Amino acid sequence: MKYFDLPPIWLMGFAALAWATARLGFGFAVPHWGHWAAGGIIVVSVGVMAAAVVAMLRHKTTVIPHQQPSTLVKTGVFRLSRNPIYLADVFTLAGVSILCGSWTGLVLVPVLVVVLQKRFIEDEEKWLRARFEEEFVAWSGNTRRWL
């Protein structure tokens with residue numbers, strides 16, 4: 001089961017639910033500009049994810065949740081958010097929900113925030129705090145968890 005407890009799986013599940021419920025009639029009409037806005041949100045989110053993964057790979061630390069990091073990454077997008085990949089997941093779901101015209105998907109956005117926080121972020125921050133102590137405390141004091 002742990003192989004399925006990954007943020008992309010949660011994101012895909014919520015996005016599939018957003019798409020399906022919109023197709024079943026629980027949606028809204030998306031204006032033409034809404035498609036462009038949603039597409040832009042998704043593109044920026046994927047860019048943030050890619051930038052975060054590149055930063056983590058450069059610092060030779062894991063990008064896989066539930067694995068202990070070897071380095072505290074504080075550069076690049078990690079200067080703006082302690083969890084840029086999770087933040088991008090949330091915005092991706094918002095973009096997909098708008099693109100599909102899904103009220104359900106928009107309601108699931110804060111649910112995804114809670115899932116990511118409880119399933120992944122809390123443990124990761126415990127590991128970082130234990131391993132990097134003062135460095136983590138200083139960084140987390142100056143960098144927001146989300147935005």
Side-chain angles (χ1 to χ4, degrees), residues 1-24 26-27 34-147:
M1 187 66 172
K2 71 179 182 177
Y3 298 110
F4 296 105
D5 190 23
L6 296 170
I9 302 293
W10 284 97
L11 173 59
M12 287 187 295
F14 281 23
L17 187 58
W19 176 83
T21 57
R23 294 302 156 278
L24 292 172
F26 300 101
H35 289 101
W36 286 100
I41 291 169
I42 294 167
V43 166
V44 168
S45 295
V46 170
V48 168
M49 284 182 208
V53 168
V54 167
M56 294 174 83
L57 293 175
R58 278 192 184 140
H59 285 87
K60 296 180 173 66
T61 193
T62 185
V63 297
I64 308 297
H66 303 303
Q67 291 185 2
Q68 296 214 10
S70 59
T71 305
L72 180 62
V73 181
K74 303 180 292 184
T75 60
V77 292
F78 288 92
R79 287 179 294 131
L80 306 172
S81 171
R82 295 195 315 252
N83 299 289
I85 296 173
Y86 299 140
L87 179 64
D89 287 340
V90 169
F91 275 98
T92 298
L93 178 59
V96 167
S97 299
I98 294 167
L99 198 60
C100 293
S102 173
W103 292 114
T104 304
L106 293 175
V107 169
L108 287 174
V109 168
V111 175
L112 182 59
V113 169
V114 172
V115 167
L116 294 173
Q117 185 124 345
K118 296 295 181 192
R119 299 289 313 144
F120 305 101
I121 294 171
E122 289 178 1
D123 285 342
E124 289 175 6
E125 290 197 348
K126 284 179 196 171
W127 297 332
L128 290 169
R129 187 180 312 277
R131 180 145 188 193
F132 302 105
E133 300 172 16
E134 292 174 15
E135 188 179 7
F136 176 79
V137 170
W139 174 63
S140 66
N142 294 322
T143 308
R144 291 174 167 247
R145 177 175 282 159
W146 291 100
L147 264 182

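Keep in mind that what you see is a predicted model, and the values were worked out from it rather than measured.
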S70 side chain near H59 side chain, heavy-atom distance below 4.5 Å | no
Spatial distance of atom CE (M56) from atom OG1 (T71) [nearest 0.5 Å] | 9.5 Å
Rounded to the nearest 0.5 angstrom, the CG-CD1 distance for L93 and I41 is 11.0 Å
For I64, all residues meeting side-chain contact (heavy atoms from CB on, under 4.5 Å), sequence neighbours excluded = T62, Q67
For the residue pair I98 and G34, what are the closest heavy atoms and their distance?
-> CG2-O, 3.9 Å
Does E122 come within less than 4.0 Å of K126, counting only side-chain N to carboxylate O?
-> no
Polar side-chain atom of T143 near backbone of S140 as donor-acceptor pair, under 3.5 Å = no
Are there more than 12 heavy atoms of other residues, nucleotides or ligands under 6.0 Å from atom CH2 of W36?
-> no
Heavy-atom donor-acceptor pair, S81 side chain to N83 backbone, under 3.5 Å | yes
Would you indicate whether the side-chain heavy atoms of E134 and V137 approach each other to under 4.5 Å?
-> no
S45 to T92 - nearest heavy-atom pair and separation = CB-OG1, 3.2 Å
V73 versus A55, closest heavy-atom pair with distance | CG1-CB, 4.1 Å
CZ on R82 to CG on L87, rounded to 0.5 Å = 12.5 Å
Result block: side-chain N/O donor-acceptor pairs under 3.5 angstrom for residues 107-116, not counting sequence neighbours:
none

Looking at CG of D5 and NE2 of H66, how far apart are the two atoms once the value is rounded to the nearest 0.5 Å?
-> 4.0 Å
Provide the closest heavy-atom pair for C100 versus R23 in the form atom of the first, atom of the second, distance.
-> O-NH1, 3.6 Å
Has R58 got more than 12 heavy atoms of other residues, nucleotides or ligands less than 6.0 Å from its CZ?
-> no
Supply the atom-to-atom distance F91 CZ to M49 CE, rounded to the nearest 0.5 angstrom.
-> 11.5 Å
Is W146 atom CH2 crowded by more than 12 heavy atoms from other residues, nucleotides or ligands, each under 6.0 Å away?
-> yes
For the residue pair F14 and L17, establish whether any side-chain heavy-atom pair is separated by less than 4.5 Å.
-> no
Can you list the residues that meet the side-chain contact (heavy atoms from CB on, under 4.5 Å) rule with L72, with sequence neighbours excluded?
-> K74, L128, F132, E135, F136, W139
Would you name the heavy atoms of A18 and S102 that are closest together and state the gap between them?
-> O-OG, 2.9 Å
Minimal non-hydrogen separation, I121 against R145, with atom names | CG2-NE, 3.6 Å
Between CD1 on residue I85 and CZ on residue F120, distance to nearest 0.5 Å = 12.0 Å
